[in-house]
There are 2 protein chains.
Amino acid sequence: MNIGDAAERSGVSAKMIRYYEEIALLKPARRANGYRDYGQADVSVLQFIRRTRDLGFSLEEVANLLALWRDRRRPSREVKRLAAKHITDLERRISEMRAVVRTLKTLADQCHGDERSECPILDDFAAPAEIRKVGSARRRAAKRS
Amino acid sequence: MNIGDAAERSGVSAKMIRYYEEIALLKPARRANGYRDYGQADVSVLQFIRRTRDLGFSLEEVANLLALWRDRRRPSREVKRLAAKHITDLERRISEMRAVVRTLKTLADQCHGDERSECPILDDFAAPAEIRKVGSARRRAAKRS
DNA sequence: TGTTGACCTTCCCATTATGGGAAGGTCTAG
DNA sequence: CTAGACCTTCCCATAATGGGAAGGTCAACA
């Protein structure tokens, strides 16, 4: 089948299908006229890529997973290891983002959010509380010296 | 002061300071020899950028926040609105990532993770449970017709 | 048969935010 | 005066994706 059909069946754009070929994730056959020719196996590979991309794996990780998928003698340990690493990556990023959300919510709560210009959010962006504390400590220390 | 000092005091690399100038986030003075010359106000701008970047705002959003910060007549409503939008963005991304983590944990739990090749994780990547169900339903429907 | 429209091909460019590195000018301390 | 530590601009690379141009191919229809 042509690339357009493969794109429709896999949910991967023709543009990206060509790119995945360029980085060697798949090698479709070519017809005499130069058109790429995709079989069911190729579509399966594209669906695999789509799925793993949707789960947040980088293309480098997808390539590794694809290699394991193709190797019938892989140890499932390897697959589980990659999945576990991705899970901890995600959990780290989630907790970082949750910390940011907590900070922003605290700041937003302190901001009137009306027509007045006074704004604790901008005040924090210009000099975060932590630094302001250190700054005050330094000023106090300076007075003493 | 020179760019190196501004970098050290703001925690922004010299490379990025030049880039921020290119996209018009700040315009430091120039000395006769062509060197950029940063004052305390420039360093404050850089710290503002650093802080907002750390909080996950895009440079476009940073530019908007910076404009509000510079406008002494801004309504704090505007600032709060941008912060709230960023919070909901983050919360959406967090919940998406949490869903992925749940999926991956479920799959990893089903995988032995030993030397055997059998692996429910790869099975899912090749044909996610949802699709497998739809596929079976279709096959059952086909038998009936 | 010829034309039209829907495909396909490759190639180049843009995006976001960051860093690497080269080639060359400037300044400062010894 | 020279060495080393700065500074400048310019180009390139990254990751994953899309846009679009120029040109070849194919199928259907008049």
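Convention: sequence-line order gives letters A, B, ...; per-chain numbering from 1.
- Straight-line distance from the CD1 atom of A:Ile3 to the P atom of D:dT25: 17 Å, rounded to whole Å.
- A:Trp69 and A:Phe48 have parallel rings, their planes meeting at less than 30° on a 0 to 90° scale where 60° marks the start of perpendicular.
- Note: B:Ile23 CD1 to B:Glu60 CD = 10.0 Å, rounded to the nearest 0.5 Å.
- The nearest whole Å value for the distance from the CZ atom in A:Arg31 to the P atom in D:dA27 is 9 Å.
- Both A:Val100 and A:Leu122 sit in one connected hydrophobic cluster of ILVMFWY residues. Membership requires side-chain heavy atoms under 4.5 Å apart, directly or through other members.
- Atom CD of A:Glu61 is separated from atom P of D:dA15 by 12 Å (rounded to the nearest Å).
- The nearest pair of heavy atoms linking A:Ala6 to A:Leu46 is CB-CD1, 4.3 Å.
- Regarding A:Asp89, its CG atom lies at a distance of 16 Å from the P atom of D:dA15, rounded to whole Å.
- The backbone N or O of B:Cys111 lies less than 3.5 Å from no partner atom in the side chain of A:Ser76, so there is not a single donor-acceptor pair.
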Original post:
Given A:Arg92 and A:Glu96, is the salt bridge (charged side-chain N to carboxylate O under 4.0 Å, His left out) satisfied, shown in steps?
Top reply: CA-CA 6 Å; A:Arg92 182 184 41 72; A:Glu96 285 168 5; 3.3 Å; yes

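- Between the CG atom of A:Asp54 and the P atom of D:dT17 there is a distance of 10 Å, given to the nearest Å.
- Between the B:Arg30 side chain and the B:Arg36 main chain, no donor and acceptor come within less than 3.5 Å of each other.
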Subject >> Criterion side chain to side chain contact (heavy atoms under 4.5 Å, CB included) on B:Met97 and A:Met97, from CA distance to verdict >> reply: CA-CA 11 Å; B:Met97 290 165 78; A:Met97 290 165 78; 3.9 Å; yes

Which pairs, protein N/O on one side and nucleotides 23-25 of chain C N/O on the other, fall under 3.5 Å?
from	atom 1	to	atom 2	distance (Å)
C:dG25	N2	B:Tyr35	OH	2.8

Using a cut-off of under 3.5 Å, enumerate the N/O to N/O pairs linking the protein to nucleotides 16-19 of chain C.
from	atom 1	to	atom 2	distance (Å)
C:dA17	OP1	B:Leu59	N	2.9
C:dA17	O3'	B:Arg53	NH2	2.9
C:dT18	OP1	B:Arg53	NH2	3.3
C:dT18	OP2	B:Tyr20	OH	2.8
C:dG19	OP2	B:Ser13	OG	3.1

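- OP1 or OP2 of C:dT9 has at least one side-chain nitrogen or oxygen of A:Arg36 nearer than 4.0 Å.
- Separating the CD atom of B:Glu8 from the P atom of D:dC6 is a distance of 9 Å, rounded to the nearest angstrom.
- One atom, CG of A:Asp37, and another, C1' of D:dT25, lie 15 Å apart when rounded to the nearest Å.
- What you find for B:Cys119 and A:Val79 is that their closest heavy atoms are SG-CG1, 3.6 Å.
- The side chain of B:Arg18 contributes no N or O atom lying less than 4.0 Å from OP1 or OP2 of C:dG20.
- Atom CG in B:Asn2 sits roughly 14 Å away from atom P in C:dT26 (whole-Å rounding).
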